[in-house]
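Only one structure is covered here, and it is reproduced in the block below.
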Amino acid sequence: MESWPRSLLLVLCLWPLLVDGMVRHYKFNVVMKNTTRLCSSKPIVTVNGKFPGPTLYAREGDNVLVKVTNHIKYNVTIHWHGIRQIRTGWADGPAYITQCPIPSKQSYVYNFTITGQRGTLLWHAHILWLRATLHGGVVILPKLHVPYPFPAPYKEVVVILGEWWKSDTEAVINEAMKSGIAPNVSDAHTINGHPGPMSTCATSQDGFKLKVDSGKTYMLRVINAALNEELFFKVAGHQLTVVEVDAVYTKPFKTDTILIAPGQTTNVLLTADQGAGQYLVTASPYMDAPIAVDNKTATATVHYTNTVSTSAITTTNPPPQNATPVASNFIDSLRSLNSKRYPAKVPLKVDHSLLFTVGLGINPCPTCIAGNGSRVVAAINNVSFVMPTTALLQAHYFNISGVFTKDFPGNPPIAFNYTGSGPANLQTMTGTRLYQLAYNSTVQVVLQDTGIISPETHPVHLHGFNFFAVGRGLGNYNPKTSPKKFNLVDPIERNTIGVPSGGWVAIRFLADNPGVWFLHCHLEVHTTWGLKMAFVVENGKGPNESLLPPPKDLPIC
């Protein structure tokens with residue numbers, strides 16, 4: 001009879017993962033936690049005292065309710081990066097875009113349903129630079145009895161890449177904004193919160209260790225939660241099979257190195273097919289422009305069972321920092337699975353054809369001594385976005401005037417040789433300007449890097465939608481010849497895309513989600529400088545084509 005209560009207990013423990021379309025409740029307490037890395041300690045912002053924060057697990061079709069309670073001095077919001085938020089923009093999370101922030105000692109319940117998505121995403125703070133430590137994974141399992149479109153792994157592991165500053169990150173960006181110049185880079189990269197066994201001050205036992213059984217296959221859910229840097233990720237002596245990016249299945253392909261930008265996720269299969277021992281895991285920066293980055297490599301180990309911990313580690317050299325061929329080869333290999341069950345529904349007709357330049361500028365700043373009376377800014381189509389003091393979604397829903405305008409330019413105000421040295425005047429315009437879209441309209445946006453100050457890769461994230469990356473190239477986009485090379489059959493589908501340094505990328509999406517949706521560079525320094533805008537998608541005419549009313553506990557500004 002002893003087995004009966006044990007079986008019942010096992011069923012109760014597994015019940016949340018055995019049911020389709022259930023309601024899942026989470027409690028996120030935002031608290032300070034004293035944490036030591038690189039031989040020094042500082043208080044950091046965390047959820048439930050954990051760094052990285054807890055992983056949120058759900059199934060496709062589930063209703064998720066996360067009660068976030070703010071116990072720190074800063075205002076807080078949480079963004080569920082990549083969740084479509086169909087009609088529930090109030091739960092998207094970017095401060096002053098879809099909600100006013102949660103003040104200290106107050107709570108807000110994020111309430112959303114996961115519709116038509118499965119895979120790995122992430123959550124993170126979306127105010128100030130708090131996401132440096134306030135982040136975690138989101139794992140969406142397929143519906144019950146729906147298999148993966150690849151052999152099921154023996155085990156799944158969340159691997160979060162990040163950055164670590166010895167200083168308070170809020171002090172870092174505040175000082176930079178006062179001076180007018182770029183902020184200090186981080187002091188280390190991290191893998192699951194640790195710089196690793198080969199970092200300064202570390203012992204051989206430090207860092208994340210993945211224990212594997214010989215012959216078994218593991219799925220690594222790799223997430224880049226870094227603030228400002230694209231990263232290469234590799235495992236010594238092992239091939240990685242890419243099967244998903246940004247919670248979208250891909251055609252599987254093998255590689256020894258993946259490239260992952262801030263805000264992106266990549267699921268890879270790793271088979272423990274080498275001899276017993278320890279194998280080095282590396283996360284190192286990618287930057288192919290003359291821009292300062294943290295050049296430290298984070299490390300971890302894959303540890304085969306029955307291997308003594310003192311055995312030598314098989315090492316690997318990370319790619320050079322400017323390894324553009326490695327980056328391009330990885331990006332060019334990505335294709336949507338485009339199967340019968342998971343088709344690539346690429347918009348073939350385009351209602352709005354937009355060209356957005358993304359890059360830097362220089363504006364006057366009399367108080368910026370280090371910047372000689374000027375400051376570095378960033379812009380889309382020469383507009384440096386000004387954050388409002390009332391949330392845009394509330395202003396849109398309640399028709400509050402004076403908060404934003406709907407005149408964001410669909411093309412650069414002045415055409416120039418975008419990837420050249422730029423115009424003589426490097427000043428940008430400022431404003432809280434949105435671009436309006438009718439419900440169910442189709443949109444093509446060509447994101448064009450500029451050479452102003454310096455060309456640079458920009459990982460651009462669109463809230464509320466997935467998009468298809470139909471084309472990519474170096475130099476200036478040519479509206480006559482570039483589309484001839486578009487892939488409209490199986491282009492990769494994702495929510496965050498890297499605009500190549502000195503080049504362009506073309507994306508297409510269907511505006512089937514009413515609300516106000518943020519588009520911004522996911523390098524936090526560029527977002528702070530103004531490289532951001534928003535689309536306002538109008539309600540449709542059908543019963544399920546309108547933005548739902550705001551929840552009663554929505555924070556007020």
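Quantities reported herein were computed from a predicted structural model and do not represent experimental measurements.
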Is it true that a side-chain atom of [X] and a backbone atom of [Y] form a donor plus acceptor pair closer than 3.5 Å?
{"X": "D246", "Y": "T265", "result": "yes"}
{"X": "R59", "Y": "L141", "result": "no"}
{"X": "N224", "Y": "A226", "result": "yes"}
{"X": "Q448", "Y": "L355", "result": "no"}
{"X": "T77", "Y": "G93", "result": "yes"}
{"X": "N440", "Y": "D512", "result": "no"}
{"X": "N363", "Y": "R375", "result": "no"}
{"X": "N192", "Y": "V158", "result": "yes"}
{"X": "T297", "Y": "T282", "result": "no"}
{"X": "S384", "Y": "A378", "result": "yes"}

In terms of relative ring orientation, are [X] and [Y] parallel, tilted or perpendicular, with 30° and 60° separating the classes?
{"X": "F416", "Y": "Y418", "result": "perpendicular"}
{"X": "H79", "Y": "H124", "result": "perpendicular"}
{"X": "Y110", "Y": "W80", "result": "perpendicular"}
{"X": "H126", "Y": "F518", "result": "tilted"}
{"X": "H81", "Y": "H463", "result": "tilted"}
{"X": "W504", "Y": "F486", "result": "tilted"}
{"X": "Y249", "Y": "Y148", "result": "perpendicular"}

Could you tell me if the side chain of [Y] sits less than 4.5 Å from the side chain of [X], heavy atoms only?
{"X": "K251", "Y": "N338", "result": "yes"}
{"X": "N228", "Y": "V185", "result": "no"}
{"X": "V460", "Y": "L519", "result": "yes"}
{"X": "H461", "Y": "P262", "result": "no"}
{"X": "L337", "Y": "P149", "result": "yes"}
{"X": "I497", "Y": "L447", "result": "yes"}
{"X": "I191", "Y": "L161", "result": "yes"}
{"X": "Q427", "Y": "P364", "result": "yes"}

[atom1]/[X] to [atom2]/[Y] distance, rounded to the nearest 0.5 angstrom?
{"X": "I380", "Y": "T428", "atom1": "CD1", "atom2": "OG1", "value": "11.5 Å"}
{"X": "R494", "Y": "T250", "atom1": "CZ", "atom2": "OG1", "value": "10.0 Å"}
{"X": "M287", "Y": "D294", "atom1": "CE", "atom2": "CG", "value": "11.5 Å"}
{"X": "E230", "Y": "T457", "atom1": "CD", "atom2": "OG1", "value": "5.0 Å"}
{"X": "E229", "Y": "Y286", "atom1": "CD", "atom2": "OH", "value": "13.5 Å"}
{"X": "L240", "Y": "L270", "atom1": "CG", "atom2": "CG", "value": "6.0 Å"}

Have [X] and [Y] got a donor and an acceptor in their side chains that come within less than 3.5 Å?
{"X": "T357", "Y": "N381", "value": "yes"}
{"X": "T88", "Y": "Q85", "value": "yes"}
{"X": "D490", "Y": "S336", "value": "no"}
{"X": "D449", "Y": "T419", "value": "no"}

Looking at every non-hydrogen atom in both residues, tell me the closest pair between [X] and [Y] and how far apart they are.
{"X": "L259", "Y": "I331", "value": "CD2-CD1, 4.0 Å"}
{"X": "I86", "Y": "T115", "value": "CG1-CB, 4.4 Å"}
{"X": "G82", "Y": "N495", "value": "CA-ND2, 3.5 Å"}
{"X": "L348", "Y": "L488", "value": "CD2-CB, 4.0 Å"}
{"X": "R131", "Y": "A225", "value": "NH1-O, 3.6 Å"}
{"X": "T405", "Y": "D407", "value": "OG1-OD1, 2.6 Å"}

(request) Answer yes or no: are there more than 12 heavy-atom neighbours, outside K541 itself, under 6.0 Å from its atom NZ? (result)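 Check fails, neighbour count at 12 or below.
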(message) Can you confirm whether more than 12 heavy atoms, excluding those of K406, are under 6.0 Å from its NZ atom?
(response)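 Atom NZ in K406 is packed in, count exceeds 12.
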(message) Going by side-chain hydrogen bond (donor to acceptor under 3.5 Å, both in side chains), T120 matches just one of Q264, E156, R221. Which one?
(response)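 Going through the options one by one, the only one that passes is R221.
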(message) Could you walk me through whether T432 and L392 satisfy the side-chain contact (heavy atoms from CB on, under 4.5 Å) test, starting with their C-alpha distance in whole Å, then the side-chain angles of each, then the deciding distance to 0.1 Å, before giving a yes or no?
(response) CA-CA 9 Å; T432 310; L392 298 177; 3.9 Å; yes
(request) Could you list the residues that satisfy side chain to side chain donor-acceptor pair (under 3.5 Å) with H135, not counting sequence neighbours? (result)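 Partners of H135 by the side chain to side chain donor-acceptor pair (under 3.5 Å) criterion come out as none, since no residue qualifies.
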(request) Please test W123 against V66 for side-chain contact (heavy atoms from CB on, under 4.5 Å), starting from the C-alpha separation and ending with a verdict. (result) CA-CA 11 Å; W123 61 262; V66 187; over 6 Å; no
(request) May I ask you to check whether F385 and F408 place their ring centers less than 6.0 Å from one another? (result)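 No: the rings miss the under 6.0 Å criterion.
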(request) Report the C-alpha separation of I492 and V245 in whole Å, then their side-chain angles, then the decisive distance to 0.1 Å, and conclude whether the side-chain contact (heavy atoms from CB on, under 4.5 Å) test is met. (result) CA-CA 9 Å; I492 197 62; V245 296; 3.7 Å; yes
(request) Go through M219 and V243 one step at a time and tell me if the side-chain contact (heavy atoms from CB on, under 4.5 Å) criterion holds. (result) CA-CA 9 Å; M219 184 159 75; V243 292; 4.3 Å; yes
